[in-house]
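One structure is given here, and the rest of the page talks about it.
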Protein chains: 2
Amino acid sequence: MDFDECACSGKSLARLLRPAIMGTLAKGGAHGYELAQRLREMKMFAGDLPDHAGLYRALNHMEQEGYLVSRWDTEHAGPARKIFKLTSAGRACLAQWRETLRGYRQGLDELLRLLGRAR
Amino acid sequence: MDFDECACSGKSLARLLRPAIMGTLAKGGAHGYELAQRLREMKMFAGDLPDHAGLYRALNHMEQEGYLVSRWDTEHAGPARKIFKLTSAGRACLAQWRETLRGYRQGLDELLRLLGRAR
DNA sequence: TCCATTATATGACCTCATCATATAGAAGAG
DNA sequence: CTCTTCTATATGATGAGGTCATATAATGGA
């Protein structure tokens, strides 16, 4: 049977793009294209980032929320880069994410125990 | 700081309602209201199921997809109950979910390691 | 009679992500 | 000098999935 269209084949972890971005930015500022490359290296994105559209939208949205700040970098050759940095609000949000994700893992374990018993 | 509106405070595990439903139905048929009660007992839903609207929508949608079948039960007092059962396609989908969720768990661990290092 | 409980359902709306597409600078191939 | 590719950001259309508010209806108890 073919479940390619079904969520049960979900390739990317839903709603975890934001914490992944913040966790990466916590190690130093970066621009979108660079982030895409770093995130692609993570197993959880299975070699293909959810697509750049979502990434840029998430970055700009997080900036509007005050979790990131950006500045344009025109010092390099090629198109201008928008460098993002975590704000202190962003760091606080990241700390909250850490707790939330630990809870998610417990929930996932609970669900896997349920599915493990299921026949 | 208040993150109640932020996804970092996420109370329910996104997109895991369907596998939770299927896992529960794998142990025997049930109607929506009954499922809501059983799911509410799971820690991952933290005492409040995402709301009955989503549950009934998910059930009917999964039936349209062929993962569930239903029959009306009018033998009891009170309003009629719609009893749902997993089909063989549903069981196959559930098996796929099991694999996907194991992958999700690994991705979550990877992300938690990243956040653990982040300062 | 009125209310709570049991039970299902839908319209309006929101968030998040994807697909397709647009824009633009720079470097290298031919 | 033109074409393609890589770097880099952005947006419109669309869809999945879920929430909020509300509607409907049977039953039993205060």
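Residue numbering restarts at 1 for every chain, and letters A, B, ... go by the order of the sequence lines.
Taking CG of B:L16 as the reference point, atom OH of A:Y104 lies at 9.0 Å (rounded to 0.5 Å).
Residue-level contact check: B:G54 touches the bases, meaning some heavy atom is under 4.0 Å from a base atom.
At least one side-chain nitrogen or oxygen of B:R18 sits closer than 4.0 Å to the OP1 or OP2 atom of D:dG18. For the OP1/OP2 pair of C:dT8 and a distance below 4.0 Å, the side-chain nitrogens and oxygens of B:N60 include no atom meeting the criterion.
With A:T87 contributing its side chain and A:Y67 its backbone, the two residues share a donor-acceptor pair below 3.5 Å. In this structure a side-chain-to-backbone donor-acceptor pair under 3.5 Å is missing from B:E110 to A:M42.
Remark: the B:R57 side chain and the D:dT19 base include a donor-acceptor N/O pair separated by less than 3.5 Å.
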Annotated protein contacts, base or backbone, on nucleotides 22-30 of chain D with a non-hydrogen cut-off under 4.0 Å, one of B, S, - each: B--BBS---
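By the side-chain hydrogen bond (donor to acceptor under 3.5 Å, both in side chains) test, B:R40 is found to be paired with no residue, residues two or more places apart in sequence or in another chain being considered.
Closest contact between the side chain of A:Y56 and the listed nucleotides C:dT18, D:dA8, D:dT19 involves D:dA8. Checking D:dT9, C:dA17, C:dA7 against the side-chain heavy atoms of B:H31 singles out C:dA7 as nearest. Side chain of A:A53, nearest nucleotide from C:dT18, C:dA7, D:dC20: C:dT18.
One can place CD of A:E34 at 8 Å from P of D:dA8, the figure rounded to the nearest angstrom. Here the P atom of nucleotide C:dT23 and the NZ atom of A:K82 are 19 Å apart, to the nearest Å. Atom CG in A:D73 sits roughly 16 Å away from atom P in D:dT7 (whole-Å rounding). Between the CE atom of B:M44 and the P atom of D:dG18 there is a distance of 10 Å, rounded to whole Å.
Around atom CD of B:Q106, no more than 12 heavy atoms belonging to other residues, nucleotides or ligands sit under 6.0 Å away.
A donor-acceptor contact under 3.5 angstrom links the side chains of B:H31 and B:E34, judged on distance only.
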